[in-house]
Amino acid sequence: MNSIFRPALVLFVALSVICGVFYPALITGIGQAAFASQAQGSLVSANGKIVGSSLIGQAFSSPQYFWGRPSATSPMPNNAAASSGSNQGSLNPALIDAVKARIDALKAADPENTAAIPVDLVTASASGLDPEISAAAAYYQANRIARARHLSLEQVKKLITTQEKPQYFGFLGETRVNVLALNLALDQGIGK
Amino acid sequence: MSAQSLLLLGILLSLLFALAYPLGLYLAKIGESTTTFGWISKLEHGLYRLAGIDPNSSMNWKTYAFALLVFNGIGTLAVYAVQRLQTSLPLNPQAFPNVSPDSAFNTAVSFVSNTNWQGYAGESTMSYFTQMLALTGQNFFSAATGMAVAYALIRGFASHSTKTIGNFWVDITRSTLYVLLPLSTVFAIFLMGQGVIQNFSSYQEVSLLDPVTYSQAKTTADGQPLKDEKGNPVMENVTVKTQTLALGPVASQEAIKLLGTNGGGFFNANSAHPFENPTPLSNFFEMLSILLIPTALCFAFGKMVGDMRQGWAILGAMTLIFVLLSSVVLVAEQQAHPALQALNVDQTSSALQAGGNMEGKESRFGASASALFAAITTTTSCGAVNSMHDSFMPLGGMVPLILMQFGEVVFGGVGSGLYGMLIFAILAVFIAGLMIGRTPEYLGKKIQAFEMKMTSIVILVTPVLVLSCTALALMSDAGTSSIANPNAHGFAEILYAFSSAANNNGSAFAGLNANTPFYNSLLAMAMWFGRFAMIIPILAIAGSLAEKKRLEVTAGTMPTHGVLFIALLISVVVLVGVLNYVPALALGPIVEHLQLFAR
């Protein structure tokens, strides 16, 4: 018996220290040295205070800001301490009701806009923290932003274009824009 | 299928084979216990001395199985204990309480069995200490255990008339030190470069540009929901000006989570969370790393039995099934939802948006990279998700279910995929032998009554667990009260949970509230037996095969490397899967599909 239990126990403890202490410590050391900003959460500062992470979406709802993906986290949307999707199935009536409510909110903020609404603007993201929207979803909101901020439509569209992240090589990623970056640029008067 | 999806699939598979081939040859060297590398070999032999292990001794299958069970039993107890004691342990900056007994038990079994099913939400339950010591540790050990069993079975085929199948301690130590740790270190560094976090800070408060107002149920002083005179909850509006970002040592766990086909996320949203999977490039390599070791082990198998064509045949069968089924998900998720179409929502794919079914998907991945990830994570026994499978289109969600129900042998888990597929290969040569009236042989070893009895156990264990547990859950209030989605999809949530648990996958139709004593216990049972009730008969087969002579190839030997054998192997896998599960699938996703597109 001892020929099994001693090796099992000693190996378990020793390998746990190697894989569960030394390895994470090594990765942390490398991360803090080589990728300090990323390892700490890619935080973004403006006017001397931290206003978010470029990787974590925020719940914008004022007309002068670009809105991000709907979020199904609780109790508040975009709760970055409790990531979650809606998990609603395609036949769930609650899904259709939620989409309708989001369409109504978009229409109420921009009644003249009759374009078809891009799908990612009315469907909840997987993490509830999606920092980005499709380029289509940004252009859809351009009119409302221009009106609320007294900018020309061209200025807003130009801002979106400069922030666009492309799809690479025809398969890697989707054309999209970071919502926090757009809104920070608007607040700082870029695009005027 | 769109050009984008085709390109993604094609480039991924090409790169996978290019990387897996050399890795496979290296894995064969590790399994044959001949190669050592500089200072790591000093560490390796230091460990053996410390533990009193003679690395040159070899075990018979019973000792091997006993050692495996003891090691994994200690792991289960340790993971349970760390969760139950986390308030008294360091690195708990958010002061999370001890995990409840049923949830801790479920999680312990889940991580030991390489399932990594998660009934809990990581960022609101587990301390950094629990995550990195208990959970990350098991990410390594469960993968190493899978590799060890695969090595043992390969040795059973490769050896000539011996009583032993290798040394379990040597197999897990070498798999961990020479394979899993170096690969994880490289991958973790790459992931941090992409934006995956790695720190021990407490959660970060940030000030919002635009305050968030939401309504929540008012509570009384003692925490009970306040009701008005009609019994409805009283709602109040709350405005917050800050956001709290969950942090932690994520990159180190993320790397082995994928390379070890574990799949247990640091955060609740798993690889959909931007801190786990921030960019399309990180996503591409996460998909690649899930498939890497299972694919490489096919080449290692060919190398170790002395005939690379045998490895190619196994891999060929896996790849064909995978390409066919992943195409179904890729097409399904690019479909337009009829009800959203009626609301004038733009779901077309264009230069400016991914389009398709975006509920439960991230903008940076879109429909293609989400659908492909879903197929990869379920064809292997990984179970990490970058999108919410519960919100997939009915057929898009059915394929992941089928891929798990095939027994996780199409690529499958690290080690478990190969040993599972070799069992199907034994069944295939047995059926072929019956047809032509010869004693079946595989790789020169006669397949006889003992092997076939053990093969039957291995093949029947998971369907029995899945179907009986699903039936049990459906017949009890404790089972049905956790359902989130109405009608056929609610049934599919339960079927998915047990298919995932018994086949050690770990992904979920996550609407199902599985963090209840009922599900925590029943799923833990399914995970434990789905893992070890397969491993023990497989080690018995390995032991029995090792004792046999390796017969020479004659004119009467059925070749097991040609197109005919690949077709036979595919048919056996598909036939067994289909016969077991078609009635259950018809009640779930197939009904849903007809309902959704009937109008």
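Excluded from the calculations below are hydrogen atoms, water molecules and symmetry mates; all remaining heavy atoms, backbone and side chain alike, are included. Chain letters run A, B, ... following the sequence lines, proteins first, then strands; residues in each count from 1.
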Does any heavy atom of chain B fall under 4.5 Å from the side chain of A:Ala82, the backbone, both, or neither of them?
backbone
State, with a plain yes or no, whether a side-chain heavy atom of B:Glu359 is found less than 4.5 Å away from one of A:Ser86.
yes
Given a strict heavy-atom distance threshold of 4.5 Å, which part of B:Phe141 is in contact with chain A: side chain, backbone, both, or neither?
side chain
Among B:Gln4, B:Lys361, B:Gln353, exactly one meets side-chain hydrogen bond (donor to acceptor under 3.5 Å, both in side chains) together with A:Glu174. Which residue is that?
B:Gln4
Segment of A:Ser71 engaging chain B (4.5 angstrom heavy-atom cut-off):
neither
What part of A:Tyr139 lies closer than 4.5 angstrom to a heavy atom of chain B: side chain, backbone, both or neither?
side chain
Could you tell me if the side chain of A:Ile30 sits less than 4.5 Å from the side chain of B:Gln198, heavy atoms only?
no
Can you find a heavy atom in the side chain of A:Asn92 that is under 4.5 Å from one in the side chain of B:Pro486?
yes
Bottom line for A:Gln167: the part with an atom under 4.5 Å from chain B's heavy atoms is side chain
Identify, with sequence neighbours excluded, every residue that meets salt bridge (charged side-chain N to carboxylate O under 4.0 Å, His left out) alongside A:Glu132.
A:Lys165, A:Arg176
Atom group of A:Phe60 that falls short of 4.5 Å from chain B, counting heavy atoms
both
Heavy-atom side-chain proximity of B:His489 to A:Leu91 below 4.5 angstrom:
no
Side chain from CB out, backbone as N, CA, C, O: work out which of these in A:Phe35 comes under 4.5 Å of a heavy atom of chain B, or both, or neither.
side chain
Going by residue number, which parts of residues 102-110 of chain A are within reach of chain B, meaning a heavy-atom gap below 4.5 Å?
A:Arg102, A:Ile103
Contact origin within B:Leu180 toward chain A - heavy atom pairs under 4.5 Å:
neither
Quick check on A:Leu26 against chain B: is it the side chain, the backbone, both or neither that has a heavy atom closer than 4.5 Å?
side chain
Is there a donor-acceptor contact under 3.5 Å from the side chain of A:Ser42 to the main chain of B:Gly195?
no
Toward chain B, the part of A:Pro70 with a non-hydrogen atom under 4.5 Å:
neither
